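Report on one structure; see the data block that follows.
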Amino acid sequence: MKLLYFAWLRQRIGMAEEDVTLPSDISTVGDMLEWLRRRSDKHAEALADLSVVRVAVNQDYARSGDPVGDGDEVALFPPVTGG
Amino acid sequence: MKLLYFAWLRQRIGMAEEDVTLPSDISTVGDMLEWLRRRSDKHAEALADLSVVRVAVNQDYARSGDPVGDGDEVALFPPVTGG
Amino acid sequence: MIRVQTEDFDVGAELDAMSRGNHGIGGIASFIGTVRDIAGDKAVSAMTLEHYPGMTEKQLAAVEAEARKRWPLEATLIIHRYGRLEPGDRIVLVATASGHRQAALESCAFLIDWLKTKAPFWKLEEGDDGAAWVESRSEDDAAAARWDQ
Amino acid sequence: MIRVQTEDFDVGAELDAMSRGNHGIGGIASFIGTVRDIAGDKAVSAMTLEHYPGMTEKQLAAVEAEARKRWPLEATLIIHRYGRLEPGDRIVLVATASGHRQAALESCAFLIDWLKTKAPFWKLEEGDDGAAWVESRSEDDAAAARWDQ
């Protein structure tokens, strides 16, 4: 799975993207976030408050219960502030 | 009193402006319109339906009961259609 | 600023001029009215805009002042043309600038809605059947009235 | 049309290009967002806009398509810049053209409201205390939500 990080999530995790192999028992966005938190202290800190983390799966917004798989492009970022 | 006519009121009355002397017993816009209707057949025809005639006294919109005097600039025109 | 003129205007230059150097502005909303080649089901080949010099400027200034009273605006602009215009020609530009997006958007809609029912302009449309004065639209009265609520 | 770019844009030329030759257009509404020199009570000397290439275009196209579904539009335009910008610089242009004034005005407000909550852009503001990511505003969520009613 290709993971992309933007804005302060990118800064706190310390990288713009990483390739990860999603365990086969993880199939939802919510479970994926819990799993990602355990990857490193930086991940844990960046993802401590999920109320300020938005998730896109294949460039569409996704919620906690939405499906996710190892072949997806998944992005994590704060609420958007453009315009 | 200086009278100005615009759009189809100007065309039907046949002039863009005229100077008139308002009788001293006429003091409201409504009475002035009744008096103007009697000036000529063209005035009568142009002012037959007052629901489509707007009045401005000294360049501000005025209603039937508003005061008007011989020193005023008075304009008669159809509902506006700019923009 | 209010301008009533026969000449066309340069929208980009006008919007630049109204906002240049004012870094408190966060948003500029504008509306450009143009001549359509159709009115209802009738073809329009040209139109002539007549207005009441003096009253036009007075009413536009009053509409502009009312907008500045209702919203926190950094700049406002109304340019309205008169004379003969053809399909595609610009008729009017209204623009508002504010620190806040909603103030700019709302006041811009307010300006054009009120202008349409208060500024003394009249359109004479030329078509296949000759020329005819445009009649006022009840939708325009309703659009202006919603700002009174 | 959607454009995401670092370069500035010429508002007058863009609005002309979107409406030229289409005489069914009666009104063009636009909104330009610009960089303010203040945020809350903090001075801003510059900002850097980061975005998510690919998703940005996809989300903007979806917002544009939704506007065209809701209103009878002749043309739509969204240009959004990214990279480093200074106070007074243009950030975004949204514009809609329609035969009908209210359709243009409403859809323009809709486009900027939805863009603000859906397009993946993030602002990093530089000020006296260094750089800080702009936080999202609940007013923006409320402004976007009113179009769901």
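Proteins get letters first, then strands, A, B, ... in listed order; numbering begins at 1 in each. Only this structure's heavy atoms are used, side chains among them; waters, hydrogens and symmetry mates stay out. Since we're looking at a predicted model, the values are computed, not measured.
- The greatest number of non-hydrogen atom pairs below 4.5 Å with chain A, out of D:His51, D:Arg137, D:Lys118, is found for D:Lys118.
- Heavy atoms closer than 4.5 Å to chain A are found in the side chain of D:Lys58, but not in its backbone.
- Heavy-atom pairs under 4.5 Å with chain A were tallied for D:Asp140, D:Leu115, D:Val134; the largest tally goes to D:Val134.
- Ring geometry, A:Phe77 versus A:Tyr61: the interplanar angle exceeds 60°, so the pair is classed perpendicular (tilted spans 30 to 60°).
- Taking the six-membered ring where tryptophan is involved, the planes of A:Tyr5 and A:His43 are perpendicular, since the angle between them exceeds 60° and thus also 30°.
- When heavy atoms are compared at a cutoff of 4.5 Å, A:Asp60 approaches chain D by way of both its backbone and its side chain.
- Within the 4.5 angstrom heavy-atom criterion, only side-chain atoms of A:Arg10, from C-beta onward, approach chain D.
- Taking a 6.0 Å sphere around CD of D:Glu135, one finds it holds 12 or fewer heavy atoms contributed by other residues, nucleotides or ligands.
- In this structure, D:Lys42 places its NZ atom where more than 12 heavy-atom neighbours from other residues, nucleotides or ligands lie under 6.0 Å away.
- Between A:Phe6 and D:Trp122, the angle of the ring planes stays under 30°, which puts this pair in the parallel group of the 30/60° scheme.
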